[in-house]
Amino acid sequence: MKVLKNEEMRKLDEIAINTYKIPGIILMENAGISVVEEIEKSLASKENKKIAVISGLGNNGGDGFVITRHLMNKGIQVITYIVGDTSMIKGDAKINFDILEKMKAFIVKLESSEDIIQFQEDLQQYSILVDALLGTGLQRTVEGIMREVILKMNASKKEIIAVDIPSGINGNDGKVQGVAVEAKKTITFQLPKIGNILFPGSYYGGALLVKNIGIPKEAVSLIQSKIHLITEEVAASVLSKRYGDTHKGSYGRAFIIAGSVGMSGAAILASKTALRCGAGLLRTAVPESLIPILENQLIEGITVPVKEMLDKGIINYLKEENVVAIGPGCGRSQEFEEILHTVITSARLPLVIDADGLNLLANNIHLLKDLKAPCIITPHPGEMSRLTGLSIQEVNDHRLEVAKNFSEKWGVITLLKGARTVITDPQGQIFINRTGNPGMATAGSGDVLTGMITGLLSQGVEPLQAAIVSAYLHGKAGDRAAEELGEYSMLAGDIIDQVPFVIQEIIRA
Ligand SMILES: NC(=O)C1=CN([C@@H]2O[C@H](COP(=O)(O)OP(=O)(O)OC[C@H]3O[C@@H](n4cnc5c(N)ncnc54)[C@H](O)[C@@H]3O)[C@@H](O)[C@H]2O)[C@H](O)CC1
Ligand SMILES: [K+]
């Protein structure tokens, strides 16, 4: 599913209206009706059925006027508050505003601080507040009366339903422009905006519902958005059912180089997950002293002493493999730096670099120029900071751009972990993942993700798809673990335990 910037949404609107000759007022009518459906669902469980629609002067406000009309026609008690000078209302919004006046709708204008005091008192009588103040036309920091209104709406603790996007959230990056409505749910139109998906916009919007308002699919294909939301459909298309006439060799061979004294767990977590995600055969290269631990913890895997691998030549070990992953728990020894150098410059099979592999890479970033095969890196913001020289704050303030630029510059697939995990490829495509929860910020969670990517790659899944589906799976498994154990107590191993159920759920859907 494409995720749009404000101007891309406006362009889509224009195409619908100017190319397909769909009158804008039809789109507004459909938008309003789609919100009324959700209001009625929320009202069903409430004693108090009174609604306040709080509208701005633009088309977001216009949606609000449509909503008011349909609520009135259903006999639902509704009051419309309008913030600003109503003589400024124009176009489709004006048509709908005039209809309300002819219907003698109850309209209250909010223009002064006295109005705000009365507004604050009034709010307590309503069951639901509909936020139709600002949508994709938000241009500047919210101040003055508009700011006061939003603060009072939030302070009322009433259920708020946001139209298109919570007012005050920038549709292009999800940032708060001064102040923003805290909604229980948001109904957005035709396609989600970036501000609906990224934090904090996603937090302010509550549950997100994407409603079709009648814009032709072909029009959507004309919008060259490179930003996509990862959906379950994408995961299902990759996690295909298995066929009878296959054997473990059909499901690929994975090679993981991981672990160091004191960090055998990372190697175990990554290896277990690779097998759980379907790798047919797995070998894990670890320092000799860790072999008894691995053999004890991972009966299905085969271990290789790192020293033996070095003596015989790493590349000889990789000839039969479908994927090599390096980094979980590696430490930053000279030995691993040498291994990383050889693997990056000589390996001709998909490569996953994570954790300490990335920290070692940060000091040898030029090695990426010698890559012979697709490479997926999986940094958290701290590792991305070391790889780019940007501060962690800069990385987090511009997650999409930082990941995209790194992928384009170095020709790698970047999976930048965090809320929201972002995957970018060398062609500038951006995929945003919405699954997952704060409980996953636990030791070893990244090792599990690396194992997922490795497991899928070993089966021949395209590298970009492997990164996208792994991010989705990782979050889904983490969500199930959080449901069962809570975000405080869940461990990385609990995420692995949920993997079989998540895969089954997706395949059966
Ligand atoms: N296909 C669609 O997506 C459809 C979208 N619809 C709705 O239209 C809005 C976008 O409407 P637009 O008129 O462009 O802008 P807004 O209503 O969001 O706001 C513009 C309005 O607000 C004033 N304004 C801007 N910033 C501020 C600020 N910081 N403080 C105060 N006032 C501000 C600006 O001057 C304008 O007056 C979209 O979100 C949908 O809800 C269509 O209705 C259906 C099709
Ligand atoms: K809004």
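This one's a predicted model, so the numbers in the text were calculated from it and none came from an experiment. One-based numbering, in listed order, for ligands and for the atoms of each. Computation of the quantities below employed the complete heavy-atom set of this structure, encompassing side-chain atoms and omitting hydrogens, waters and symmetry-equivalent molecules.
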Quiz item: Do the charged groups of Lys211 and Glu38 touch, with an N to O distance under 4.0 Å?
Solution: yes
Practice problem: Mind reading off the angle at the K ion (ligand 2) between the O atom of Ile165 and the OG atom of Ser167, rounded to 10°? | Solution: 100°
Self-check item: All side chain to side chain donor-acceptor pair (under 3.5 Å) counterparts of Thr421, not counting sequence neighbours
Solution: none
Quiz item: Quick one: salt bridge (charged side-chain N to carboxylate O under 4.0 Å, His left out) pairs with a partner in residues 57-70, sequence neighbours left out?
Solution: Glu29-Arg69
Exercise. Could you tell me which residues satisfy salt bridge (Lys or Arg N to Asp or Glu O under 4.0 Å) with Lys11, sequence neighbours excluded, listed by chain and number?
Key: none
Quiz item: Hey, is Asp397 close enough to Lys175 for a salt bridge, meaning N to O under 4.0 Å?
Solution: no
Practice problem: Specify whether Tyr81 and Tyr126 have parallel, tilted or perpendicular ring planes, treating 30° as the upper limit for parallel and 60° as the lower limit for perpendicular. | Solution: perpendicular
Exercise. Sort out the contact shell of ligand 1: every protein residue with a heavy-atom distance below 4.0 Å, listed by chain and number.
Key: Met9, Asp13, Leu27, Met28, Gly58, Asn59, Asn60, Asp63, Leu134, Gly135, Thr136, Gly137, Leu138, Gln139, Arg140, Thr141, Val142, Met146, Asp164, Phe189, Ile213, Ile215
Self-check item: Member of Asn359, Leu361, Ile353 meeting the side-chain contact (heavy atoms from CB on, under 4.5 Å) criterion with Glu383
Solution: Asn359
Quiz item: Does any N, O or S atom of Val181, backbone or side chain, fall under 3.4 Å from the K ion (ligand 2)?
Solution: no
Practice problem: Would you give the angle at the K ion (ligand 2) between Val163 atom O and Asp131 atom O, to the nearest 10°? | Solution: 90°
